[in-house]
Amino acid sequence: MKVINPATGQTIDELSEDDGSAVDAKVARARAAQPAWAATPLAERLAAVARFRDALVARKEDLARLLTREMGKPIAQARNELGAMPGRLDFFLRETAAVLAEETVHREGADGAAPALEEVIAHDPLGVVANVSAWNYPYFVGSNVFIPALLTGNTVVYKPSELTTLTGLRIVELLHEAGIPKDAMVAVVGGGVTGGALVRSAVDGVFFTGSYATGRRIGEALAGRLVKLQLELGGKDPTYVCDDVDVRAAAESLADGAMYNNGQSCCSVERIYVHRDVYAPFLEAFQQVVGGFVVGDPEDDRTYIGPLARRDQVGVLSAQVADAVAKGGRVLTGGGPLAPGSNVFQPTIVADATNEMSLMRQESFGPVIGIAPVSGDDEAVRLMNDTEYGLTAGVYTKDRGRARAVLTRVDAGSVYWNCCDRVSPRLPWTGRRHSGIGSTLSREGIRTFVQPKAWHFRRA
Ligand code: NAD
């Protein structure tokens with residue numbers, strides 16, 4: 001398997017992929033290691049993760065540079081991803097004990113000695129967890145799974161995306177150096193075929209981050225097997241800009257939400273509906289903001305838009321723009337790759353977009369945004385909900401009550417007032433419909449790695 005720098009097209013490494021029997025052997029190792037890992041005191045598991053946290057801080061610059069070379073994330077944004085990791089890990093370090101705590105829910109006949117009857121809820125790990133991961137934020141989406149899985153006593157077989165394998169392998173190395181046993185955290189290397197072998201192997205839970213298409217395929221592969229399945233999938237996240245906003249501030253926030261990480265975020269803003277009373281000034285302000293983005297070499301500190309990680313996404317975005325233009329959309333800026341054969345897609349704004357365009361229906365996952373005028377709140381709600389996805393949605397307005405009324409009617413896992421493209425470790429990260437099943441982050445995202453055990457104690 002070749003590791004290719006998407007900015008230059010150069011091969012930076014070659015790795016051998018794990019085939020089905022190699023995957024099975026690694027799962028067997030993780031299985032054998034699981035009871036001892038689960039029996040390791042929580043304090044030791046927490047200490048190992050705390051050392052991993054410190055290693056990320058100490059090696060931040062090298063890790064950021066590797067990520068940039070491997071998937072094209074602009075270096076400043078790679079540093080940002082690593083810079084946010086301690087806060088995220090601290091959440092898991094702080095909260096795991098409370099989730100694992102046993103709960104006595106009933107007692108009878110407590111007369112000073114042991115009670116006659118006691119009912120207790122305990123939490124057992126699932127066992128061996130498969131973690132099939134995406135490339136767009138490999139530190140975030142990976143650690144949302146493998147950290148709480150490990151802290152709760154599971155062993156993990158982790159397949160980083162084929163587009164960030166070197167980063168994934170480095171993460172695993174750092175976990176081992178921090179004291180996580182080698183067989184408690186095992187990496188498998190490869191693309192879809194290896195991922196398919198992993199989800200079909202003898203694991204107790206499959207935790208997937210990636211596209212709807214792959215998530216559905218995994219769901220089909222697991223039908224008939226009674227293992228836990230969690231899917232964190234894509235989005236077509238809408239925002240509504242009301243008529244009372246500071247247009248410039250909303251445009252700055254939303255241009256960043258649409259184009260940060262090159263638009264390659266599951267919660268990137270993908271559709272913007274603007275009240276018609278502020279439509280023209282909003283378009284002008286948005287265009288100005290996007291015009292200021294530095295486009296090009298991801299290793300340059302100033303670059304905001306680098307290459308797309310996937311070359312074939314250039315074709316997907318070009319087709320969305322062509323379809324939009326054919327249906328009456330107006331390209332205000334950008335529209336195609338920077339140069340023929342380049343992975344860098346120019347930041348692109350399409351005005352007068354409609355929900356009939358693929359640009360407003362299929363996940364773009366690139367620096368391309370469709371903007372549409374709406375007559376008011378009811379039309380905005382109808383258009384925002386006109387999607388198979390349900391990851392995030394937002395409203396920009398000075399009026400919190402109005403935002404709340406609109407967002408109550410929008411069917412999405414996360415909703416934002418005057419912000420976007422935001423993830424908090426304290427809140428559940430969860431998608432609806434084609435955006436997925438289950439939650440990571442928050443206490444929900446720790447609890448998802450354990451299964452309850454109901455204890456009935458009756459004194460003899
Ligand atoms: P992808 O679906 O192409 O790949 C994801 C992973 O699945 C990779 O590791 C890949 O090798 C593996 N895979 C591919 N085919 C497989 C198969 N048949 N069986 C098992 N595994 C298989 O997605 P991607 O391009 O890596 O990531 C982008 C997508 O991920 C976008 O849709 C984005 O919205 C989504 N995403 C969602 C979240 C979230 O939290 N909801 C976070 C990040 C990314």
Side-chain angles (χ1 to χ4, degrees), residues 1 3 6 15 17-18 20 23 70-73 81 88 130-146 157-165 167-169 187-201 203 206-222 229-237 260-270 308-313 316 362-366 387-392 412-414 421-425 427-442 445 448:
M1 193 177 84
V3 180
L15 304 164
E17 289 192 57
D18 283 307
V23 169
E70 195 176 22
M71 61 90 33
K73 189 184 294 252
E81 182 174 352
R88 190 162 293 201
N131 176 9
V132 177
S133 208
W135 48 265
N136 58 336
Y137 281 98
Y139 285 94
F140 289 161
V141 298
S143 63
N144 288 353
V145 173
F146 57 67
V157 184
Y158 164 56
K159 195 194 82 61
S161 163
E162 57 273 39
L163 299 180
T164 45
T165 307
T167 292
L169 292 175
V188 297
V189 171
V193 173
T194 307
L198 177 57
V199 302
R200 284 191 306 273
S201 71
V203 292
V206 172
F207 291 78
F208 171 75
T209 309
S211 61
Y212 164 72
T214 309
R216 197 180 69 176
R217 223 168 284 139
I218 291 176
E220 285 165 0
L222 287 183
L229 173 62
Q230 182 159 306
L231 303 171
E232 306 248 356
L233 309 177
K236 192 69 200 170
D237 299 0
Y260 188 82
N261 204 35
N262 226 346
Q264 302 168 126
S265 309
C266 50
C267 52
S268 287
V269 174
E270 291 247 342
L308 293 163
R310 280 186 190 283
R311 166 165 291 278
D312 47 10
Q313 204 63 13
V316 171
Q362 292 158 9
E363 192 176 31
S364 301
F365 228 57
T387 175
E388 285 162 327
Y389 291 102
L391 193 59
T392 83
S414 293
D421 191 24
R422 179 174 193 279
V423 178
S424 162
L427 292 170
W429 189 247
T430 185
R432 299 180 179 181
R433 302 185 307 283
H434 285 195
S435 294
I437 301 171
S439 307
T440 50
L441 298 175
S442 76
T448 190

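Atoms within a ligand are numbered from 1 in the order they appear, just like the ligands themselves. Quick caveat: nothing in here was measured; it's all calculated off a predicted structure.
A heavy-atom separation below 4.0 Å is not found between Q264 and ligand 1. In this structure, S133 is part of the shell of residues with a heavy atom less than 4.0 angstrom from ligand 1. At least one heavy atom of F208 sits closer than 4.0 Å to an atom of ligand 1. The shortest heavy-atom distance from G436 to ligand 1 is not under 4.0 Å.
When side chains are defined from C-beta on, C267 counts as touching V423, because their heavy atoms get closer than 4.5 Å. Under the 4.5 Å side-chain criterion, counting only non-hydrogen atoms from C-beta, V145 is not in contact with S133. At least one side-chain heavy atom of R88 sits under 4.5 Å from a side-chain heavy atom of L441. Taking 4.5 Å as the limit, some side-chain heavy atom of V206 sits within range of a side-chain heavy atom of L229. For the pair W135 and E70, the minimum side-chain heavy-atom distance is 4.5 Å or more.
At the top of the distance list for atom 35 (C) of ligand 1, counting protein heavy atoms only, stands G210 O, 3.1 Å. The protein heavy atom nearest to atom 28 (C) of ligand 1 is F365 CE2, 3.6 Å. Taking atom 10 (C) of ligand 1 as the reference point, the nearest protein heavy-atom neighbour is E162 OE1, 3.4 Å. In terms of protein heavy-atom proximity, atom 23 (O) of ligand 1 is nearest to S211 N, 3.4 Å. Among protein heavy atoms, atom 41 (N) of ligand 1 sits closest to L233 O, 2.7 Å.
Backbone and side-chain nitrogen or oxygen atoms of K159 are examined, and one is located within less than 3.5 angstrom of a nitrogen or oxygen of ligand 1. Inclusion of E363 in the set of residues having an N or O under 3.5 Å from an N or O of ligand 1 is warranted. Inclusion of S435 in the set of residues having an N or O under 3.5 Å from an N or O of ligand 1 is not warranted. Looking at R310 next to ligand 1, an N or O pair under 3.5 Å apart turns up.
For the pair E388 (side chain) and Q362 (backbone), a donor-acceptor distance under 3.5 Å is absent. In this structure a side-chain-to-backbone donor-acceptor pair under 3.5 Å is present from E363 to G235. The closest donor-acceptor contact from the side chain of E81 to the backbone of F140 lies under 3.5 Å. Formation of a donor-acceptor pair under 3.5 Å by the K159 side chain with backbone atoms of G190 is found in this model.
Heavy-atom proximity to atom 17 (C) of ligand 1, evaluated over G192, P160, G168, G190, is greatest for G192. Between the choices L231, T214, T209, V423, the shortest heavy-atom distance to atom 5 (C) of ligand 1 belongs to T209. Of the options C267, G195, C266, A134, the smallest heavy-atom separation from atom 27 (O) of ligand 1 is shown by A134. The heavy atom nearest to atom 44 (C) of ligand 1, out of those in V132, T194, N136, L441, is found in N136.
Heavy-atom contacts of G234 reach the following atoms of ligand 1: 32 (O), 34 (O) (cutoff under 4.0 Å). The ligand atoms of ligand 1 that sit less than 4.0 angstrom from a heavy atom of G191 are 11 (O). Listed by number with element, the atoms of ligand 1 under 4.0 Å from a non-hydrogen atom of W429 are 39 (C), 40 (O), 41 (N). Close approach of ligand 1 to G196 (heavy-atom distance below 4.0 Å) involves ligand atoms 19 (N), 20 (C), 21 (N). Remark: ligand 1 atoms within the under-4.0 Å shell around heavy atoms of W135 are 24 (P), 25 (O), 26 (O), 27 (O). Near S161, meaning under 4.0 Å from any of its heavy atoms, are these atoms of ligand 1: 9 (O). Ligand 1 places these atoms under 4.0 Å from at least one heavy atom of V141: 42 (C), 43 (C).
Checked by atom type, the side-chain pair T194/D18 shows no donor-acceptor distance below 3.5 Å.
At a 4.0 Å heavy-atom cut-off, ligand 1 touches I218 through the side chain alone.
Note on ring orientation: taking the six-membered ring where Trp is involved, the planes of Y212 and Y389 are perpendicular (angle over 60°, cut-offs 30° and 60°).
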Stepwise side chain to side chain donor-acceptor pair (under 3.5 Å) check, K236 with S435: CA-CA 9 Å; K236 192 69 200 170; S435 294; over 6 Å; no
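Here the straight-line distance linking atom CE of M71 with atom CD of E162 works out to 12.5 Å at 0.5 Å rounding. With rounding to the nearest 0.5 Å, the separation of OG1 in T430 from CD in E232 is 7.0 Å.
Across T440, T448, N131, a single residue satisfies side chain to side chain donor-acceptor pair (under 3.5 Å) together with Q230, and that is T448.
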